[in-house]
Colleague: 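I have a structure I would like to understand better, so I am pasting it below and will then ask my questions one at a time.
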Amino acid sequence: MANITLKQLRYFEALTQYGHFGHAADACGISQPALSVQIRDLEADLGTILFERGPRQVRPTSFGKEFSRHAKEILRAVDELSELARASRDKLIGRLRIGVIPTIAPYLLPTLIGNLSRSYADLDIHIRETVTSRLVQELHEGRIDTAIVALPVSEPALTEVELFSENFVLVRPRDDAEKPVPDAEALQDMRLLLLEEGHCFRDQALSFCSVTPAAQRDGLDGSSLATLVQMVGAGIGVTLIPEMAVPVETRAADVSVCRFATREPSRTIGMIWRKTNPLSGELREIAEVVKCAGQTLAQAGTP
């Protein structure tokens, strides 16, 4: 029988995720040679090769892909055993892995982390910032405990808790500040700058303007709201941003911000986690802290 350890499984999953020994070793907090030894020992115990080694990248073999599916299930079950033990305690302590989408993280986290630190002094908070699709995948795989995203996500295996809603505002060059505010239909004829594909905020903006991705005019696909706002300040076009981003992104940009007169676009922010997570009760408590942080941002004032 192969003497497989949980440590080997975690190293194997890291190498599968990153496709590079150096990057996987960094993620695991060990040296590259140590990781290589563990993978070779795992392959020796199994009697088969798990990875195709290339000069710049490693890829799982066919068996490696099947092995990964079972390894994920084992690691997720082990994590849930740990979570079950944590849920039996009187208070939430230890590591909490929170995922956040990029159009929320820079604006909500400073307030949220402070609130969590005061409410849960023994909590070791780890933040993962990426797009919704990756956060959902990492939730299913047990890599994170919960995620703060725009709802709905509509995943049957996940719990969704609505926290607060916020409107989008229009950002345009400062010289346009006195012009009438365009409606959704008028935006279709303007150069609307959007986040690159993969961001749910992009889809929400297109939906408000009733523009299909195929019909979008050439403009700029930015990787962050900060880039979009600065490009508006340079006179390239207009963009939409969520209210919580206004104080941070517009303070050093030559832009004007205005609300839509009617049918304001908006989004609902919420938290999601696996329905099987034993920490569900504790996560609902965390959700209340997130909700309060969102309300604090709203009270800070927007245009």
Side-chain angles (χ1 to χ4, degrees), residues 100-108 131-133 135 148-154 160 162-270 272 294-295 297-303:
V100 193
I101 59 175
T103 57
I104 294 177
Y107 321 112
L108 181 66
V131 296
T132 301
S133 59
L135 292 177
I148 303 170
V149 298
L151 300 180
V153 173
S154 302
E160 295 187 9
E162 293 186 8
L163 301 178
F164 59 92
S165 297
E166 67 168 345
N167 293 326
F168 305 158
V169 296
L170 177 67
V171 181
R172 51 185 179 172
R174 192 176 300 279
D175 292 343
D176 293 347
E178 302 303 321
K179 294 182 179 179
V181 179
D183 57 18
E185 289 70 26
L187 283 177
Q188 297 178 18
D189 298 322
M190 303 177 74
R191 195 175 196 186
L192 182 62
L193 310 182
L194 299 171
L195 291 174
E196 62 190 358
E197 291 186 9
H199 291 268
C200 58
F201 191 80
R202 172 192 177 93
D203 299 330
Q204 292 159 352
L206 288 173
S207 176
F208 170 67
C209 302
S210 300
V211 176
T212 63
Q216 183 199 354
R217 299 175 63 184
D218 290 337
L220 170 73
D221 286 348
S223 61
S224 70
L225 296 178
T227 299
L228 298 183
V229 172
Q230 291 299 322
M231 292 302 98
V232 171
I236 291 179
V238 300
T239 193
L240 301 180
I241 65 173
E243 287 178 326
M244 70 169 67
V246 171
V248 173
E249 303 301 355
T250 64
R251 62 190 174 192
D254 192 24
V255 299
S256 63
V257 179
C258 59
R259 291 183 178 276
F260 293 93
T262 59
R263 197 168 73 87
E264 287 188 282
S266 65
R267 66 177 178 178
T268 299
I269 305 302
I272 57 176
Q295 291 172 343
L297 286 179
Q299 293 169 0
T302 54

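Side-chain atoms are counted along with the backbone in the values below, which use heavy atoms only and exclude waters and symmetry mates.
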Colleague: Under 3.5 Å, which donor-acceptor pairs do the side chains of residues 176-183 form with other protein atoms, sequence neighbours left out?
Modeller:
residue: Asp176; atom: OD1; partner: Lys179; partner atom: NZ; Å: 3.1
residue: Asp183; atom: OD1; partner: Glu185; partner atom: N; Å: 3.2
residue: Asp183; atom: OD1; partner: Ala186; partner atom: N; Å: 2.8

Colleague: Does CD in Glu162 sit with more than 12 non-hydrogen atoms of other residues, nucleotides or ligands closer than 6.0 Å?
Modeller: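 It does not: Glu162 CD has 12 such atoms or fewer within range.
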Colleague: Does the side chain of Val232 reach to within under 4.5 Å of the side chain of Pro173, using non-hydrogen atoms?
Modeller: yes
Colleague: To the nearest 0.5 Å, how far apart are OG in Ser256 and CG in Asp175?
Modeller: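 Between Ser256 OG and Asp175 CG, I get 8.5 Å after rounding to 0.5 Å.
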Colleague: By salt bridge (Lys or Arg N to Asp or Glu O under 4.0 Å), which residues pair with Asp254, not counting sequence neighbours?
Modeller: Arg174
Colleague: How many angstroms lie between CG in Leu240 and CG in Leu228, if you round to the nearest 0.5 Å?
Modeller: 9.5 Å
Colleague: Apply the test side-chain contact (heavy atoms from CB on, under 4.5 Å) to residues Leu297 and Phe164: give CA-CA distance (whole Å), side-chain angles for both, the deciding distance (0.1 Å), then the verdict.
Modeller: CA-CA 11 Å; Leu297 286 179; Phe164 59 92; 6.0 Å; no
Colleague: Would you say Glu166's side chain and Met244's backbone share a donor-acceptor pair under 3.5 angstrom?
Modeller: yes
Colleague: Which heavy atom of Phe260 sits nearest a heavy atom of Pro265, and at what distance?
Modeller: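 Nearest heavy atoms, Phe260 then Pro265: CD1-CD, 3.5 Å.
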Colleague: Working to the nearest 0.5 Å, report the span between OG1 of Thr103 and CZ of Arg202.
Modeller: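 These two atoms lie 13.5 Å from each other.
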Colleague: Mark yes or no for whether Glu160, through its side chain, and Val153, through its backbone, hold a donor-acceptor pair below 3.5 Å.
Modeller: yes
Colleague: May I ask you to decide if Val171's main-chain N or O and Thr239's side chain share a donor-acceptor pair within less than 3.5 Å?
Modeller: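 Side chain of Thr239 to backbone of Val171, a donor-acceptor pair under 3.5 Å: no, none is there.
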Colleague: When Tyr107 is tested against each of Val246, Ile241, Leu225 for side-chain contact (heavy atoms from CB on, under 4.5 Å), which residue passes?
Modeller: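 Looking at Val246, Ile241, Leu225, the match for Tyr107 under the side-chain contact (heavy atoms from CB on, under 4.5 Å) is Leu225.
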Colleague: Quick one: closest heavy-atom pair of Ser266 and Asn167, and the distance?
Modeller: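 Between these two residues, the closest heavy atoms are CB-OD1, 3.3 Å.
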Colleague: For Glu264, what residues pass the salt bridge (Lys or Arg N to Asp or Glu O under 4.0 Å) criterion, not counting sequence neighbours?
Modeller: Arg259
Colleague: Does Leu192 reach the side chain of Val238, with side-chain heavy atoms less than 4.5 Å apart?
Modeller: yes
Colleague: What's the shortest heavy-atom distance between His199 and Pro102, and which atoms?
Modeller: CE1-CG, 3.9 Å
Colleague: What's the spacing between Ser207 OG and Arg267 CZ if we round to 0.5 Å?
Modeller: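 So the gap between those two atoms works out to 14.5 Å.
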Colleague: Quick check: do Cys200 and Ile101 have side-chain heavy atoms less than 4.5 Å from each other?
Modeller: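 Counting from C-beta outward, Cys200 and Ile101 do come under 4.5 Å.
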Colleague: Rounded to the nearest 0.5 Å, what's the gap from CG on Leu193 to CD1 on Ile236? Could you check?
Modeller: 7.0 Å
Colleague: Any idea which heavy atoms bring Ser165 and Thr268 closest together, and the distance?
Modeller: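 In terms of heavy atoms, the two residues are closest at OG-OG1, 3.4 Å.
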Colleague: To the nearest 0.5 Å, how far apart are CG in Leu108 and CD1 in Ile148?
Modeller: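 Taking CG in Leu108 and CD1 in Ile148, the distance rounds to 5.5 Å.
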